[in-house]
2 protein chains.
Amino acid sequence: MTYDTIFTAIGDPTRRSVLEALRGNPMTVGMLAEKIPVSRPAVSQHLKVLREARLVTVTPKGTANEYAVDKTGLDEVRSWLDSMWDDALEAFKSHVENKSKN
Amino acid sequence: MTYDTIFTAIGDPTRRSVLEALRGNPMTVGMLAEKIPVSRPAVSQHLKVLREARLVTVTPKGTANEYAVDKTGLDEVRSWLDSMWDDALEAFKSHVENKSKN
DNA sequence: TTGTATCGTAAGTCATAACTTACCAATAAA
DNA sequence: TTTATTGGTAAGTTATGACTTACGATACAA
């Protein structure tokens, strides 16, 4: 399941900070490292996890790598959410039916 | 931010297994503990985290506690997702506009 | 060619969260 | 009242993942 990777990625607070920072505009590693209270190599490591989860994209620009939000991973979250929501509604409905049968 | 709690909660694979198990039908701790490869007290601890994140509800039934998916937390995920999606689209749009200005 | 800027990765550290067993409280049945 | 079932919590263990510093590769300017 792809969403395992995605939710594991989002599960970390620092990685959520990275996504929050990127929601406005693409940013380089250095810029992110100035904004988020961890070392630059730590930011790189987190970006790697986010990239593998398809939550960010990277575009080399000279010596700099520019990162942006990748909607692919967000799509997966939405699919999971819709599916989860539907099932929860279904379970609630049949639960109520069972209840009114007793 | 409430969604910090939620995403931290979903970040754990065992807790995701719990949610997967509950998507079909409400279940008791004991039932969950049979289905998921961890001890029953571990399940209890995870359920506590999920409850505080508003991802599950608990209904005492005699000596048993029945847990079910709570749509409140799912709603938060949806809000975050929509907001994230909109911002990412906006950023992409203004990024393209900047690009065509250069 | 040298120097500078940028960043990925290796290697090391260690706090913490996910696990366990043990204990006990609450509920229900006998 | 006693016994059985169920589950929350305490306390202890430890693997791991989030952090750091160090190193070196790549791109670009001088």
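Labels below follow one simple rule: chain letters A, B, ... track the order of the sequence lines, proteins then strands, and each chain is numbered from 1. The basis for the numbers below is simple: all heavy atoms, side chains too, and nothing from hydrogens, waters or symmetry mates.
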Calculate the interatomic distance between [X] atom [atom1] and [N] atom [atom2]; express it in whole Å.
{"X": "A:Lys61", "N": "C:dG8", "atom1": "NZ", "atom2": "P", "answer": "15 Å"}
{"X": "A:Ile36", "N": "D:dC19", "atom1": "CD1", "atom2": "P", "answer": "10 Å"}
{"X": "B:Leu50", "N": "D:dG7", "atom1": "CG", "atom2": "P", "answer": "16 Å"}
{"X": "B:Lys48", "N": "D:dT9", "atom1": "NZ", "atom2": "P", "answer": "5 Å"}
{"X": "B:Tyr67", "N": "D:dG7", "atom1": "OH", "atom2": "P", "answer": "8 Å"}
{"X": "A:Asp12", "N": "C:dA18", "atom1": "CG", "atom2": "P", "answer": "12 Å"}
{"X": "B:Met27", "N": "D:dG7", "atom1": "CE", "atom2": "C1'", "answer": "15 Å"}
{"X": "A:Gln45", "N": "C:dA11", "atom1": "CD", "atom2": "C1'", "answer": "11 Å"}

message: If you count heavy atoms of other groups shown closer than 6.0 angstrom to CZ of B:Arg78, is the number above 12?
response: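 Yes.
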Below the 4.0 Å mark, does [N] have OP1 or OP2 next to a side-chain nitrogen or oxygen of [X]?
{"X": "B:His46", "N": "C:dA17", "result": "no"}
{"X": "B:Thr63", "N": "C:dT27", "result": "no"}
{"X": "B:Arg40", "N": "C:dT21", "result": "no"}
{"X": "A:Ser39", "N": "D:dT20", "result": "yes"}
{"X": "B:Asn65", "N": "D:dT6", "result": "no"}
{"X": "B:Thr14", "N": "C:dC19", "result": "yes"}

message: The side chain of B:Val38 is closest to which nucleotide in this list: C:dC7, C:dC19, C:dG8?
response: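 Minimum distance to the B:Val38 side chain belongs to C:dC19.
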query: Considering only side-chain heavy atoms of B:Arg15, which listed nucleotide, C:dA18, C:dG8, D:dG7, is closest?
result: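 For the B:Arg15 side chain, the nearest candidate turns out to be C:dA18.
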- prompt: So, the side chain of B:Arg51 versus the backbone of B:Tyr67: is there a donor-acceptor pair under 3.5 Å, distance only?
  reply: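 It does not hold such a pair.
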query: Where the side chain of B:Arg15 meets the backbone of B:Ala9, is there a donor-acceptor pair that is under 3.5 Å apart?
result: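 Yes: the side chain of B:Arg15 pairs with the backbone of B:Ala9.
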What is the nucleic acid contact for [X], judged by heavy atoms within less than 4.0 Å: base, sugar-phosphate only, or nothing?
{"X": "A:Arg51", "value": "nothing"}
{"X": "B:Pro41", "value": "base"}
{"X": "B:Ala42", "value": "base"}

- prompt: Regarding B:Thr8 and A:Arg16, is there a side-chain donor-to-acceptor distance under 3.5 Å anywhere?
  reply: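 There is such a pair (donor and acceptor under 3.5 Å, judged by atom type) between the side chains of B:Thr8 and A:Arg16.
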query: In Å and rounded to the nearest 0.5 Å, what is the CE to CG distance from B:Met27 to B:Asn65?
result: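 Answer rounded to 0.5 Å: 14.0 Å.
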First encountered from the 5' end of DNA chain C, between B:Val43 and A:Ala64: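 First, find each residue's nearest nucleotide; the 5'-ward one identifies A:Ala64.
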